[in-house]
**Q** 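Provided herewith is a single structure, encoded as structure tokens, for subsequent inquiry.
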Amino acid sequence: MSQERGRFGPLIGSIDEGTSSTRFLVFAAKTAEVLTYHQISIPHITPKEGWVEQDPEYILKSVIETINITCDNLKKLDIDPADIVATGITNQRETTVVWDRITGKPLHNALVWLDVRTGSTVDKILQNGKRNKNFLTSLCGLPVSTYFSALKIKWLIDNVEPVKEAIDEKRCMFGTIDSWLIWNLTGGINGGLHITDVTNASRTMLMNIDTLSWDPQLCKVFDIPMNILPEIRSSSEIYGYLTESVLAGIPISGCLGDQQAALVGQMCFHQGQAKSTYGTGCFLLYNTGTAIVQSSHGLLTTVGYQLGPSKPTVYALEGSVAVAGVAMQWLRDNLQILKNTGDSAELAKSVDEVGEVYFVPAFSGLYAPYWRKDARSVICGLTEETKPGHIIKAALEAVAFQTRDILEAMALDCGYPLSKLLVDGGMTANNLLMQIQADYCGIPVVRPLMAETTSLGAAMAAGNAKGVKVWDLDHIQPVPSDIFNPSIPENQRDMKYARWKMAIARSLDWVDDKDTDAEGLPSISKLEDEKEKDDTAALRGLPASLYLIGTFATLILAQRLSGTST
């Protein structure tokens, strides 16, 4: 494809459909510079506690609107939208959409990745505790959890009559957000492409992590008909052409789940590199190269990317934290101790260490490396001196501590710790959080000055695709970055982390095994039998047995060291 374009050269569009908003950004392929973008917020629908839905049609309309407005912005900048030669898509993962192939209408609202209504479905799949939650990891790399798409599809089949009818009549289609968008943007009921890419497929629990194909055995476990599933493609190839928006005729040539897109955007192309994205949740991916590493310490095995049909598949270990930025929103909206989330750093810095507080934000359980749906949020260490700033600071520290939990697990799985952590996402604008992260993990935190790494990753995949080839991934220059170096002594870091582990212990076992769920079925609060409870207890970040023995020793040693230094 000719690279002779306007003054910025060939441009690449990037559809970034996240949990909170939809954006369309335009990048210059030669420089990776963002030229303009437009953003629209996406509302959440919460019919019950723990249920989180979104309107798929609203999401689709927001995508088309952001494309059109962004192209208008280009014209105002005297840039021709015709210079856009391709577009990529990156999306919130696991979020599940089912729709009617005849009418093109959704059969239900999308079930968002953090929706936990599928607890009873988990119980059924695990046969009320008779099965280990990891019994499918050798096939798909994932534990049985409310998190993943297969559980959401199963719930919809079991509980939504229009979905069951559409399946019986063979007119039901399933997809994660990327599939829903691509199908509609390439024609919908008039020949739209029903596809997904390997990164999104790897988050469904239905794709074989080795063969990169839908697995009949996995589909049988969840009783999901394979005819509703999209075709699996690589992350970088021309899938089809836009039929909607002012960019009709432009190829869609890149597709990555949002966390994998950030891995590409951070240029983690070598084994041993890792990035952490801070948004609604927090997600840390570690490049394991072409090797499939099965974690024994509570992490997920996932596809990192496949940048072309003939290119090798690169895998990753992932640690997923459910609550990061959403904790700030909770402090603002529920406790009302924070007027604006952007004020969190200033308020946190306004308080001293007196009245030190620890906050475990397990609103609906804990994700990696614990995988405990019986956990609930706790705030520990409240005293008469506690002020709102202490709780706000504790919420920021919780993000850093949970990231350290995952880094500890990754070091145990891979044999050596990271030397630095690459970061991105909305929360990285908070300098205090970045410094806390460096302090509590004991390694430099590297933050790119260009914050749009997730959207950039999708643009890179699209621009790299055969038939487009305006982005050379083999000779790309790293983006300039800020570096936050650790600033506290090791004994202080370990003392704080020991107290965090004490707070984690207090957050567990809040749902009793005798409780019943909304379906009237026995609730298996720990998703595991007694033997597995003992096994996983030893694998919560650093071994829990080490902390049970060492916590008080660490605290005493830290206090003595602190005393001798004054």
Side-chain angles (χ1 to χ4, degrees), residues 5-6 8 10-29 31-43 54-93 95 176-186 188 197 200 235-236 238-258 261-262 264-265 279 424-426 450-463 465 468 470-471:
R5 296 280 168 174
F8 291 101
L11 310 180
I12 302 292
S14 181
I15 298 167
D16 185 347
E17 203 301 296
T19 310
S20 302
S21 69
T22 294
R23 300 187 301 161
F24 184 72
L25 302 89
V26 177
F27 292 86
T31 63
E33 178 186 359
V34 179
L35 300 181
T36 187
Y37 75 96
H38 187 71
Q39 180 172 349
I40 295 175
S41 295
I42 304 297
Q54 289 177 332
D55 180 353
E57 292 188 296
Y58 186 96
I59 290 174
L60 175 62
K61 290 176 182 176
S62 72
V63 168
I64 295 171
E65 185 176 348
T66 56
I67 291 174
N68 291 338
I69 293 176
T70 300
C71 288
D72 285 340
N73 292 343
L74 285 175
K75 293 176 183 177
K76 293 174 183 177
L77 296 170
D78 196 25
I79 302 171
D80 190 349
D83 290 345
I84 298 176
V85 299
T87 191
I89 292 177
T90 182
N91 57 282
Q92 53 172 307
R93 304 170 306 168
T95 296
T176 42
I177 293 295
D178 58 306
S179 296
W180 166 248
L181 293 178
I182 292 173
W183 186 78
N184 281 283
L185 295 174
T186 58
D197 92 297
N200 281 293
S235 306
S236 179
I238 295 178
Y239 311 114
Y241 297 83
L242 289 164
T243 60
E244 298 289 337
S245 82
V246 297
L247 294 181
I250 297 299
I252 301 174
S253 54
C255 182
L256 291 153
D258 54 7
V264 172
D424 57 80
M450 199 288 289
E452 306 295 350
T453 53
T454 300
S455 303
L456 175 62
M460 290 164 64
V468 180
V470 297
W471 213 307

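From a predicted model like this one, the values you see are computed outputs, not experimental measurements. Scope of the values below: all heavy atoms of this structure, side chains included, with no hydrogens, waters or symmetry mates.
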**Q** Could you report the tightest heavy-atom contact between M460 and V264, atom names first, then the distance?
**A** CE-O, 3.6 Å
**Q** Just verifying a value: how many Å separate I59 CD1 and T95 OG1, rounded to the nearest 0.5 Å?
**A** 7.5 Å
**Q** Please name all residues satisfying side chain to side chain contact (heavy atoms under 4.5 Å, CB included) with D72, sequence neighbours left out, ordered by chain then number.
**A** K75
**Q** Please find the pair of heavy atoms, one from L25 and one from S455, that lie closest to each other, and give the distance.
**A** CD1-OG, 3.2 Å
**Q** T176 vs R93, test: side-chain contact (heavy atoms from CB on, under 4.5 Å). Steps then yes/no.
**A** CA-CA 7 Å; T176 42; R93 304 170 306 168; over 6 Å; no
**Q** Enter the distance from L185:CG to D178:CG here, rounded to the nearest 0.5 Å.
**A** 11.0 Å
**Q** Do N68 side-chain atoms and V246 backbone N/O form a donor-acceptor pair below 3.5 Å?
**A** yes
**Q** Closest heavy-atom contact between Y58 and P43?
**A** CE2-CD, 3.6 Å
**Q** Would you sort out whether I15 and I252 count as a side-chain contact (heavy atoms from CB on, under 4.5 Å), showing the intermediate values?
**A** CA-CA 10 Å; I15 298 167; I252 301 174; 5.9 Å; no
**Q** Is a side-chain N or O of T70 found less than 3.5 angstrom from the main chain of H38, in a donor-acceptor match?
**A** yes
**Q** Is there side-chain contact between K61 and I40, with heavy atoms separated by less than 4.5 Å?
**A** no
**Q** Kindly write out the residues that satisfy side chain to side chain contact (heavy atoms under 4.5 Å, CB included) with N184, not counting sequence neighbours, or none if the list is empty.
**A** L60, W180
**Q** Which pair of heavy atoms, one from L77 and one from L35, lies closest together, and at what distance?
**A** CD1-O, 3.7 Å
**Q** For S62, give me all partners under side chain to side chain donor-acceptor pair (under 3.5 Å), at least two apart in sequence or on another chain.
**A** T22
**Q** When you look at L11 and I79, which way does the side-chain contact (heavy atoms from CB on, under 4.5 Å) test go after all the steps?
**A** CA-CA 10 Å; L11 310 180; I79 302 171; 3.7 Å; yes
**Q** Which residues satisfy the side chain to side chain donor-acceptor pair (under 3.5 Å) test with E452, sequence neighbours excluded?
**A** R23
**Q** Looking only at non-hydrogen atoms, find the nearest pair between A462 and A86 and report the distance.
**A** O-CB, 4.3 Å
**Q** Quick one: pull up CD1 in I84 and CZ in F27 and give me the separation to the nearest 0.5 Å.
**A** 11.5 Å
**Q** Could I get the full list of side chain to side chain donor-acceptor pair (under 3.5 Å) partners for Q39, not counting sequence neighbours?
**A** S21
**Q** Just checking, is any N or O donor in the side chain of D16 or S14 under 3.5 Å from an acceptor N or O on the other one?
**A** no
**Q** Taking all non-hydrogen atoms of both residues, which atom of A461 and which atom of L256 are closest, and how far apart?
**A** CB-CD1, 3.9 Å
**Q** Distance check, rounded to the nearest 0.5 Å: L181 atom CG versus T186 atom OG1?
**A** 10.5 Å
**Q** Going by side chain to side chain donor-acceptor pair (under 3.5 Å), name the residues that satisfy it together with N91, two or more places apart in sequence or in a different chain.
**A** N200
**Q** For L247 and F24, run side-chain contact (heavy atoms from CB on, under 4.5 Å): C-alpha distance rounded to whole Å, both residues' side-chain angles, the deciding distance at 0.1 Å, then the answer.
**A** CA-CA 12 Å; L247 294 181; F24 184 72; 3.8 Å; yes
**Q** Are side-chain heavy atoms of I12 and V85 found at a separation under 4.5 Å?
**A** yes
**Q** Rounded to the nearest 0.5 Å, what's the gap from CD1 on I89 to CD1 on I182? Could you check?
**A** 4.0 Å
**Q** Measure the spacing between CD of E17 and OG1 of T19 and express it to the nearest 0.5 Å.
**A** 7.5 Å
**Q** Is there a side-chain contact between F8 and D83 in this structure, where contact means two heavy atoms from C-beta onward sitting under 4.5 Å apart?
**A** no
